[in-house]
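Structure first, commentary second.
The model shown is predicted, which means the values in this text are computed figures rather than measured ones. To find a chain, count down the sequence lines: A is the first, B the second, and so on, and within it residues start at 1.
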Number of protein chains: 2
Amino acid sequence: MSRATLRDVAKLAGVSVATASKALNGQPQVRAQTRERVVRAAEQLSFSPNTLAQGLITQRSGTVGLLTSDLEGRFSIPILMGAEDAFGSDQTSVFLCDARGDAIREKHHLRALLSRRVDGLIVVGARPDTRLSLGELPVPVVYAYAPSDDPADLSLVTDNVGGGRLAIDHLIRCGRRRIAHITGDPGYSAAQDRARGAVERLAEDGLGLAGGEVWFGMWSEAWGRGATRMLLERTPEVDAIFAGSDEIARGVLDVLHEERIEVPSRVAVIGFDNWSVLAGNSRPPLTTIDLNLEHLGRIAAQRLSAAMDGEPAAGVETFPVRLITRESTAPLR
Amino acid sequence: MSRATLRDVAKLAGVSVATASKALNGQPQVRAQTRERVVRAAEQLSFSPNTLAQGLITQRSGTVGLLTSDLEGRFSIPILMGAEDAFGSDQTSVFLCDARGDAIREKHHLRALLSRRVDGLIVVGARPDTRLSLGELPVPVVYAYAPSDDPADLSLVTDNVGGGRLAIDHLIRCGRRRIAHITGDPGYSAAQDRARGAVERLAEDGLGLAGGEVWFGMWSEAWGRGATRMLLERTPEVDAIFAGSDEIARGVLDVLHEERIEVPSRVAVIGFDNWSVLAGNSRPPLTTIDLNLEHLGRIAAQRLSAAMDGEPAAGVETFPVRLITRESTAPLR
DNA sequence: TTGTAGGCGTTATCAT
DNA sequence: ATGATAACGCCTACAA
């Protein structure tokens with residue numbers, strides 16, 4: 001199976017390359033009968049137009065670059081899927097580049113992408129903290145998940161503050177009043193923002209955190225377990241725990257279970273991330289907050305398309321998260 | 001930041017495009033002084049050669065397609081990372097395409113990739129069962145994880161039988177003799193192969209499975225819990241459990257913990273996949289089998305490069321898995 | 001050592 | 001309705 005060129009098709013159909021081109025591209029000024037001949041010739045040779053050559057002329061490669069900083073991270077993948085999906089039906093293909101959090105490698109990839117004449121770039125960070133802007137580039141760029149530090153760039157982020165509010169709101173609606181918050185590394189803006197949202201929402205009902213403080217620590221099950229043990233010792237009357245991630249929530253559930261404290265009847269638990277392998281399989285299945293990352297990716301692709309079509313945007317757009325109700329929370333009866 | 005062409009560089013340097021080209025590409029027949037001028041001009045204009053145009057001439061696009069059937073699956077990602085890693089980002093860029101297990105979409109992507117003149121293709125399946133060959137293509141193809149049904153294709157797979165053997169071997173070395181096997185959907189060749197390896201290895205020591213049968217079911221924690229309960233009822237003397245996945249292993253550990261059966265002192269548990277969020281965070285941390293998928297991806301890239309350089313290969317290559325020892329297994333004392 | 005010319009596969013603009 | 005012809009950006013004989 002070798003590669004037929006338009007010339008081959010034209011020759012086989014007995015027309016000029018120009019006519020063949022027009023016939024194949026559905027231009028009107030070509031006799032139906034001629035078009036038919038060309039199309040058949042193309043099929044016969046299984047002709048496939050060389051997009052590179054087309055791009056040379058149209059000044060559009062029909063490709064975009066997806067620059068991620070950690071592929072294995074569970075956050076980049078859904079975004080990446082959403083973006084790939086939104087472009088998919090179009091005629092744009094996606095170059096995947098993983099910089100592994102290394103600035104050098106990122107520069108390297110950037111160079112390669114630009115020389116491949118990508119029409120645009122999506123940059124997806126590993127964590128929702130602000131990252132360095134790539135600066136001015138000959139193609140439009142959209143930052144997803146991790147916002148750029150340059151307000152002239154367009155950044156798309158999830159609403160972590162809103163997520164914290166939403167979690168607490170749900171627990172309050174379940175009749176809980178003594179709510180604790182166990183979360184991860186305080187160096188992450190995600191941890192800070194979720195905590196802030198939680199505290200704000202509590203305040204609206206005249207409440208404070210059970211135990212008085214946010215339990216910052218690490219994004220791990222082990223920390224969830226450790227913090228829960230300390231919490232139970234210090235504040236045994238707690239009736240709900242908002243965990244900053246599903247991993248932490250698993251640790252929380254584990255200790256609760258061990259202590260024979262019933263979930264949700266005595267203590268309700270809510271997680272964050274909706275990482276299904278963790279949230280869907282726990283005992284009981286975990287109520288949690290979904291970041292809508294796939295949607296974020298889809299929007300990123302749309303914004304990028306718009307920018308490529310000459311309608312650029314700037315600033316930070318924040319997207320809402322949503323509550324996934326499972327069985328680890330329920331109204332107090 | 002617009003786009004300088006080689007002509008612009010040549011003009012600025014006061015030479016012809018041919019000379020500029022030679023100067024930039026390190027050809028010897030150009031005076032050092034001239035080269036210097038050209039290079040400076042290129043830098044000044046931040047010139048970046050148009051890879052598409054180069055590809056038109058060299059008949060090589062410097063791109064490969066990565067056709068995956070499920071991105072969210074935890075198996076494609078490491079392979080994809082390995083492959084992306086192995087292609088030096090300067091030489092080769094990777095087009096990512098997710099067919100979502102849909103044959104139509106796959107055809108669609110394939111068409112697009114070929115018209116983009118990719119130099120090669122890596123096809124990575126979602127599960128290790130045989131998949132349909134893409135047939136004869138104008139570029140080399142390597143199948144990774146899921147082998148092609150056509151022996152003329154090159155397929156790279158992990159050794160699931162060997163994995164089963166390895167797991168049992170480890171348990172036997174720990175002094176266990178009453179070993180049960182709880183695994184997932186029997187419709188997966190992975191489940192069958194791992195079970196076969198396990199049974200074979202047991203037989204070498206004159207042993208059979210504790211309880212007599214493999215416990216096939218589903219790839220979930222819930223099944224791991226359910227099966228373990230039934231197992232303990234029917235075969236309480238079991239001293240080790242080989243779980244077909246880390247998810248299942250988590251369920252196993254959960255019930256063992258609930259029943260106050262000590263791990264590993266009374267029952268050892270080994271998982272499969274080394275999915276770190278599950279295996280690394282369990283109580284105790286889980287001994288498991290790592291599929292070396294990143295390595296598989298790296299090899300896939302190498303084989304593809306070789307094929308692109310005119311050294312094709314065919315058949316199925318099977319790659320060894322490896323034991324990750326954590327704390328859920330230990331010698332019986 | 002440098003420049004000229006032809007061509008890679010397409011499309012668009014003219015003639016015919 | 002069809003066909004030459006000139007681009008697109010680059011590279012590589014070949015000529016000067």
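Of all nucleotides listed (D:dA4, C:dG3, D:dA1), D:dA4 comes nearest to the side chain of A:Ala18. When distances are taken from the side chain of A:Leu6 to each of D:dC8, D:dT2, C:dT10, the shortest belongs to C:dT10. Comparing atom distances between the A:Leu56 side chain and each of D:dC8, C:dG3, C:dT10 picks out D:dC8 as nearest. In the set D:dG3, D:dG9, D:dC11, D:dG9 carries the atom at the smallest distance from any side-chain atom of B:Asn50.
Where A:Val17 and A:Ala53 each meet DNA chain D at their nearest nucleotide, the meeting point lying more 5' is that of A:Val17. Between B:Ala20 and B:Gln59, the residue anchored closer to the 5' end of DNA chain C is B:Ala20, taking for each the nucleotide with the nearest heavy atom. In terms of position on DNA chain D, the residue among A:Thr34 and B:Phe47 whose nearest nucleotide sits closer to the 5' end is A:Thr34.
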Can you list the steps and then say if A:Asp70 with A:Ser76 is a side-chain hydrogen bond (donor to acceptor under 3.5 Å, both in side chains)?
-> CA-CA 7 Å; A:Asp70 89 315; A:Ser76 1; 3.3 Å; yes
side-chain contact (heavy atoms from CB on, under 4.5 Å) between A:Leu293 and A:Arg74: does it pass, once the steps are laid out?
-> CA-CA 10 Å; A:Leu293 291 176; A:Arg74 56 191 175 288; over 6 Å; no
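A:Ser21 has a side-chain polar atom (N or O) that falls below the 4.0 Å cut-off from OP1 or OP2 of C:dT11. At the phosphate of C:dA12, OP1 or OP2 sits under 4.0 Å from a side-chain N or O atom of A:Gln27. For the OP1/OP2 pair of D:dG3 and a distance below 4.0 Å, the side-chain nitrogens and oxygens of A:Ser16 include at least one atom meeting the criterion. Look at B:Thr5 and you won't find any side-chain N or O under 4.0 angstrom from OP1 or OP2 of D:dG9. OP1 or OP2 of C:dT11 has at least one side-chain nitrogen or oxygen of A:Asn25 nearer than 4.0 Å.
Comment: B:Arg100 does not engage B:Asp102 in a salt bridge, judged by the lack of any side-chain N to carboxylate O separation of less than 4.0 angstrom. Between B:Arg105 and A:Asp85 a salt bridge is recorded (basic side-chain N to carboxylate O distance below 4.0 Å).
Between the P atom of D:dG3 and the CZ atom of A:Arg31 lies a distance of 10 Å, rounded to the nearest Å. Between the CZ atom of A:Arg7 and the P atom of C:dG6 there is a distance of 15 Å, given to the nearest Å. Separating the CD atom of A:Gln29 from the C1' atom of D:dG3 is a distance of 12 Å, rounded to the nearest angstrom. Taking atom NZ of A:Lys22 as the reference point, atom C1' of D:dT2 lies 6 Å away to the nearest angstrom.
For the residue pair A:Thr63 and A:Arg116, no side-chain donor N or O sits within less than 3.5 Å of a side-chain acceptor on the partner.
Residue B:Gln54 is in sugar-phosphate contact alone, with no base atom involved, counting any heavy-atom pair closer than 4.0 Å across all strands shown. Counting any heavy atom pair closer than 4.0 Å across all strands shown, B:Ile57 reaches a base atom.
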